[in-house]
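Here is the structure we will look at, set down as structure tokens.
Small disclaimer: the values here were computed from a predicted structure and weren't measured. All ligand and atom numbering here is 1-based and tracks the order in the structure.
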Amino acid sequence: MNDLQTSVLYNREIAPGYYRLGLLAPGYPEQAVPGQFVMVQIQSQNDPLLRRPFGIFNVGTLPPLCSGLPERDYVELVYKVVGRGTRLMSALQEGDAVRLLGPLGQGFDCNTTAGPPLLVGGGIGVVPLFMLACNLVKQTQPVRLLMGGRRCDDVLAVTEFERLGVETYVATDDGSLGEQGLVTQVLERKLKKYPTARVYACGPMPMLKAVHDICVRHEVALQVSLEALMACGIGACLGCVVPGRRHRSDQPDYRCTCKQGPVFDARDLSWEVDHD
Ligand SMILES: Cc1cc2nc3c(=O)[nH]c(=O)nc-3n(C[C@H](O)[C@H](O)[C@H](O)COP(=O)(O)OP(=O)(O)OC[C@H]3O[C@@H](n4cnc5c(N)ncnc54)[C@H](O)[C@@H]3O)c2cc1C
Ligand code: FES
């Protein structure tokens with residue numbers, strides 16, 4: 001884990017209210033694993049902001065700007081503007097300073113080779129699945145992505161996944177892209193066709209609960225990436241805990257999302273209690 005003072009390479013609006021942010025991030029291509037996250041802190045006119053957590057979309061290395069200079073490692077984030085912090089982020093320009101803490105948390109276990117992988121993303125939850133897909137396509141083919149969103153604008157990075165060779169299936173609430181309906185309906189169908197699949201999911205909690213119930217019914221393995229509210233990102237504030245599988249009101253069992261997650265084997269969590 002590094003605490004870096006770094007700078008913005010680019011910050012582009014890729015769909016209304018969604019941005020793709022590239023930051024210089026020395027060491028990230030070697031260190032980061034799919035499913036990990038970073039804490040971003042920007043300074044804006046003496047308005048220091050709490051760090052905000054974002055999943056890692058991708059990492060890579062750019063060629064040197066000119067001969068004699070080193071190559072430049074970078075990390076890419078994709079974010080949705082929802083409040084003050086992300087609004088300030090959306091104004092970042094090339095060269096602006098940003099503090100970056102990471103890579104943080106536990107990522108996806110990609111080493112299991114059992115069964116074909118099915119990735120399920122809801123809205124901005126698709127972000128950590130891209131680096132996972134980059135990793136999986138090197139080990140196994142085919143990799144399938146089921147993506148859901150309210151409208152077509154909420155379905156991100158389809159082209160990037162397809163360029164990797166990932167088979168993508170899209171469902172939107174209003175039918176403006178892909179089939180009309182919920183991504184969980186697509187998952188039901190795919191699990192009938194691929195009954196030995198292993199599922200990786202990230203998205204809003206109601207979607208994850210539905211994915212969990214379907215995976216239990218089909219007896220397939222599931223890893224979930226959670227987006228709990230986080231203040232510190234390093235296990236100090238306990239603001240991000242979620243109930244673990246043995247949780248009872250008289251016998252608490254909590255998991256710290258930033259240290260033990262954000263990716264969990266779904267069997268380690270309690271799905272009986274409300275996580276929100
Ligand atoms: C591990 C992790 C990975 C994440 N990855 C991404 C990502 O890749 N892209 C992305 O756009 N967002 C991601 N998020 C959510 C992101 O951290 C929040 O959207 C961001 O912190 C909001 O900051 P803000 O100041 O703009 O909004 P605030 O003003 O702090 O909040 C605005 C609204 O957003 C809600 N909100 C804030 N944080 C969260 C959260 N963690 N989950 C759900 N609702 C929240 C608040 O309850 C409030 O209603 C991730 C969160 C976690 C914990
Ligand atoms: S965010 Fe502080 S302990 Fe997890």
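- Of the heavy atoms in P128, none comes closer than 4.0 Å to ligand 1.
- Separation of atoms CG (L146) and CZ (R189) is listed at 9.0 Å; rounding is to 0.5 Å.
- Sorted pairs that involve residues 8-17 and meet salt bridge (charged side-chain N to carboxylate O under 4.0 Å, His left out), not counting sequence neighbours, are lacking altogether.
- Put simply, CE on M39 and CG on D3 are 11.0 Å apart, with the number rounded to the nearest 0.5 Å.
- Remark: R144 qualifies as a cation-pi partner of Y194 under the 6.0 Å distance and 45° angle criteria applied to the six-membered ring.
- Between the side chain of Y28 and the backbone N or O of G102, at least one donor-acceptor pair lies under 3.5 Å.
- For a threshold of 3.5 Å applied to N or O pairs, the pair formed by G55 and ligand 1 contains at least one separation below that value.
- Taking a cut-off of 2.8 Å, the protein N, O or S atoms nearer than that to atom 2 (Fe) of ligand 2 are C232 SG, C237 SG.
- Checked against salt bridge (charged side-chain N to carboxylate O under 4.0 Å, His left out), R87 has no partners two or more places apart in sequence or in another chain.
- Ring geometry, F130 versus F161: the interplanar angle exceeds 60°, so the pair is classed perpendicular (tilted spans 30 to 60°).
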side-chain hydrogen bond (donor to acceptor under 3.5 Å, both in side chains) evaluation trace for Q31 with N2: CA-CA 10 Å; Q31 295 164 18; N2 305 312; 3.1 Å; yes
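- The nearest non-hydrogen atom to atom 9 (N) of ligand 1, considering only V78, I56, V127, L21, comes from V78.
- If you look at T257 next to ligand 1, there are no close heavy atoms at all, none under 4.0 Å.
- Ligand 1 has a nitrogen or oxygen under 3.5 angstrom from a nitrogen or oxygen of A228.
- Summarising the hydrophobic clusters (Ile, Leu, Val, Met, Phe, Trp, Tyr; side-chain heavy atoms under 4.5 Å, direct or chained), the residues clustered with V241 are L238, Y254.
- Annotation for ligand 1: atoms under 4.0 Å from non-hydrogen atoms of T86 are 24 (P), 25 (O), 26 (O).
- Remark: ligand 1 and G85 share an N or O pair separated by less than 3.5 Å (distance only, no angle test).
- Any N or O atom pair closer than 3.5 Å counts here, and G83 shares at least one such pair with ligand 1.
- Close N/O approach between P53 and ligand 1 is found [any backbone or side-chain N/O within under 3.5 Å].
- Atoms CG and NZ, on L118 and K193 in that order, are 11.0 Å from each other to the nearest 0.5 Å.
- Between R87 and ligand 1, no pair of N/O atoms sits closer than 3.5 Å.
- Each of V143, L136, T196 was compared with P116 under the side chain to side chain contact (heavy atoms under 4.5 Å, CB included) criterion, and only T196 meets it.
- Below 3.5 Å of separation, one finds no N or O of Y79 facing any N or O of ligand 1.
- Residue I124 approaches ligand 1 through these ligand atoms, each under 4.0 Å from one of its heavy atoms: 9 (N), 10 (C), 11 (O).
- Side chain of T257 to backbone of C240: a donor-acceptor contact under 3.5 angstrom is found.
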